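Notes to accompany the following structure.
Remember, it's 1-based here, ligands and their atoms both numbered in the order they're listed. The shown structure was predicted, so the numbers you read here are calculated from the model rather than taken from an experiment.
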Amino acid sequence: MRLAEEGMLCSLCRKRAVISQRYLGRQLCQDHFVRDFEGRMVQSIERSRMIEEGERIAVAVSGGKDSTALLFALARVFAGREVELVAVTVDEGIAGYRDDTILAAERIARQLGIEQVIVSFREEYGYDLDEMVVGSEVAPCTHCGVFRKSSLNRAAKRLGAAKLATGHNQDDEAQSVMMNYLKGDMERLMRFRPRREQPGLVPRIKPLRDLPEKEIALYAILNGIYFESRECPYAQLALRADVRDMMNRMESLFPGTRQRTLRGFERIEALYKEGWGQMELAECRECGEPCVGERCKACELLGRLRG
Ligand code: SF4
Ligand SMILES: [Zn+2]
Ligand SMILES: [Zn+2]
């Protein structure tokens with residue numbers, strides 16, 4: 001994979017370019033791209049103080065390219081430092097899709113010598129995702145998101161992790177902002193980036209949030225860790241799929257659209273900070289996980305499943 005046209009040269013050293021970053025108006029060769037990629041991730045980490053020396057960080061690794069690249073890049077930039085990484089892989093129970101990615105997650109953890117734990121919906125909640133969605137009016141991705149979040153939080157707590165890192169990239173972040181605009185959901189939009197810690201909730205960090213998905217794929221390929229995973233069979237049912245196509249079209253017509261969407265959101269967020277205070281979370285009366293109200297979303301969905 002090469003994201004630059006034939007004959008393009010690195011803007012910094014004049015070697016053959018592997019990528020043209022139109023939104024930054026420059027091209028980079030392999031060495032400069034890899035160095036810049038890791039540097040930008042470190043910048044995001046430092047700017048938001050995502051990781052401190054001495055911390056144990058749970059990294060959600062699905063086996064897809066983003067989380068694989070995240071684990072690899074974190075292992076590289078924190079090598080020799082007092083930061084311990086543990087990989088957490090969630091098996092949602094999606095037939096014909098997750099088995100390969102779980103193997104890929106095991107492979108990358110082993111290659112990097114990082115401890116890995118696998119948690120499954122079946123073990124944690126008694127059902128595979130495939131079972132949960134049969135005859136349900138609730139969308140598969142809603143089930144998946146709620147139980148994945150909860151499984152990851154529970155696993156991170158059991159591991160004594162200070163933070164939970166996920167592989168969300170700039171595309172995901174811009175899509176989430178746009179989806180909340182389209183749904184007119186200001187509540188959720190303003191809760192998108194929590195500002196303070198809540199009891200029982202392991203703080204989530206997104207070290208790749210300023211990096212475009214394509215560049216993450218290129219980073220994975222150049223480092224020999226790319227794994228082409230199949231698309232989840234439920235993906236096309238989600239609003240996100242349409243928003244993703246629209247944002248990709250806009251980005252190619254108007255480079256920098258994603259970055260501007262996120263910057264715009266940050267400005268709105270800064271303006272409305274006071275008006276949209278973060279809700280106090282309580283403990284779910286059934287499972288003890290943090291939630292809004294008396295019962296967490298996972299227990300609510302489980303209640304429906306059990307009839
Ligand atoms: S597409 Fe939906 S169901 Fe599939 S893994 Fe993603 S969130 Fe889960
Ligand atoms: Zn160069
Ligand atoms: Zn609960």
Side-chain angles (χ1 to χ4, degrees), residues 2 4 8-21 24 26-37 39 60-67 89-102 105 120-121 124-134 136 138-154 157 166-169 171-172 175-176 179 200-201 213 222 229-244 281-306:
R2 234 172 131 238
M8 271 191 179
L9 299 177
C10 174
S11 311
L12 302 177
C13 72
R14 313 307 292 162
K15 276 197 209 144
R16 196 174 80 114
V18 291
I19 185 162
S20 162
Q21 295 172 321
L24 296 173
R26 67 178 188 191
Q27 292 91 242
L28 295 178
C29 67
Q30 178 162 340
D31 287 351
H32 277 118
F33 167 70
V34 169
R35 224 177 300 164
D36 177 73
F37 181 97
V61 181
S62 66
K65 63 179 178 339
D66 299 314
S67 57
T89 303
V90 178
D91 181 358
E92 299 91 350
I94 305 174
Y97 163 64
R98 282 309 262 128
D99 303 347
D100 291 357
T101 43
I102 287 173
S120 71
F121 280 10
E124 296 274 326
Y125 306 102
Y127 302 89
D128 287 334
L129 182 70
D130 286 339
E131 290 169 337
M132 291 176 179
V133 299
V134 178
S136 172
V138 182
C141 295
T142 306
H143 275 104
C144 190
V146 166
F147 290 104
R148 184 173 341 106
K149 244 185 204 162
S150 181
S151 310
L152 285 169
N153 192 53
R154 284 156 72 151
K157 278 196 281 192
T166 62
H168 290 97
N169 57 45
D171 300 46
D172 300 323
Q175 285 158 20
S176 297
M179 279 165 67
L201 199 64
E213 186 177 335
L222 296 176
S229 58
R230 264 176 265 177
E231 190 171 51
C232 170
Y234 300 118
Q236 291 307 325
L237 302 175
L239 167 66
R240 185 174 286 273
D242 293 313
V243 172
R244 181 188 58 200
L281 296 183
E283 270 186 18
C284 168
R285 62 164 193 247
E286 286 176 32
C287 72
E289 279 295 288
C291 67
V292 180
E294 295 197 338
R295 194 152 78 139
C296 75
K297 276 260 173 267
C299 287
E300 194 188 307
L301 288 173
L302 280 176
R304 286 197 201 196
L305 270 168
R306 291 174 187 140

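No side-chain donor-acceptor contact under 3.5 Å links Asn153 to the backbone of Ser150. The backbone N or O of Asp130 sits nowhere less than 3.5 Å from a side-chain atom of Asp128 that would complete a donor-acceptor pair. Side-chain N or O atoms of Gln27 include one that pairs as donor or acceptor with a backbone N or O of Leu9 at under 3.5 Å.
Every atom of ligand 1 is numbered from 1 in the order shown, and the set under 4.0 Å from a heavy atom of Tyr234 is 3 (S). Under a 4.0 Å criterion applied to the non-hydrogen atoms of Cys141, ligand 1 contributes the atoms 1 (S), 2 (Fe), 3 (S), 7 (S). Interface of Ala235 with ligand 1, defined as ligand atoms under 4.0 Å from a residue heavy atom, comprises 1 (S). Residue Cys144 has at least one heavy-atom neighbour below 4.0 Å for each of these atoms of ligand 1: 3 (S), 5 (S), 7 (S), 8 (Fe).
Arg244 has a carboxylate O that lies under 4.0 Å from a charged side-chain N of Glu231, or vice versa, which qualifies the two as a salt bridge. By the 4.0 Å N-to-carboxylate-O rule, Arg295 lies close enough to Glu286 to be salt-bridged with it. Lys157 and Glu289 are joined by a salt bridge, as a carboxylate oxygen and a charged side-chain nitrogen come within less than 4.0 angstrom of each other.
Using a cut-off of 2.8 Å, one finds that Cys232 contributes no N/O/S atom close to atom 8 (Fe) of ligand 1. Distances from the Zn ion (ligand 3) show that Cys291 has no N/O/S atom below 2.8 Å.
Looking only at heavy atoms of the protein, atom 7 (S) of ligand 1 is closest to Arg148 NH2, 3.4 Å.
Our summary of the site lists the angle at the Zn ion (ligand 3) between SG of Cys287 and SG of Cys296 as 110°, to the nearest 10 degrees.
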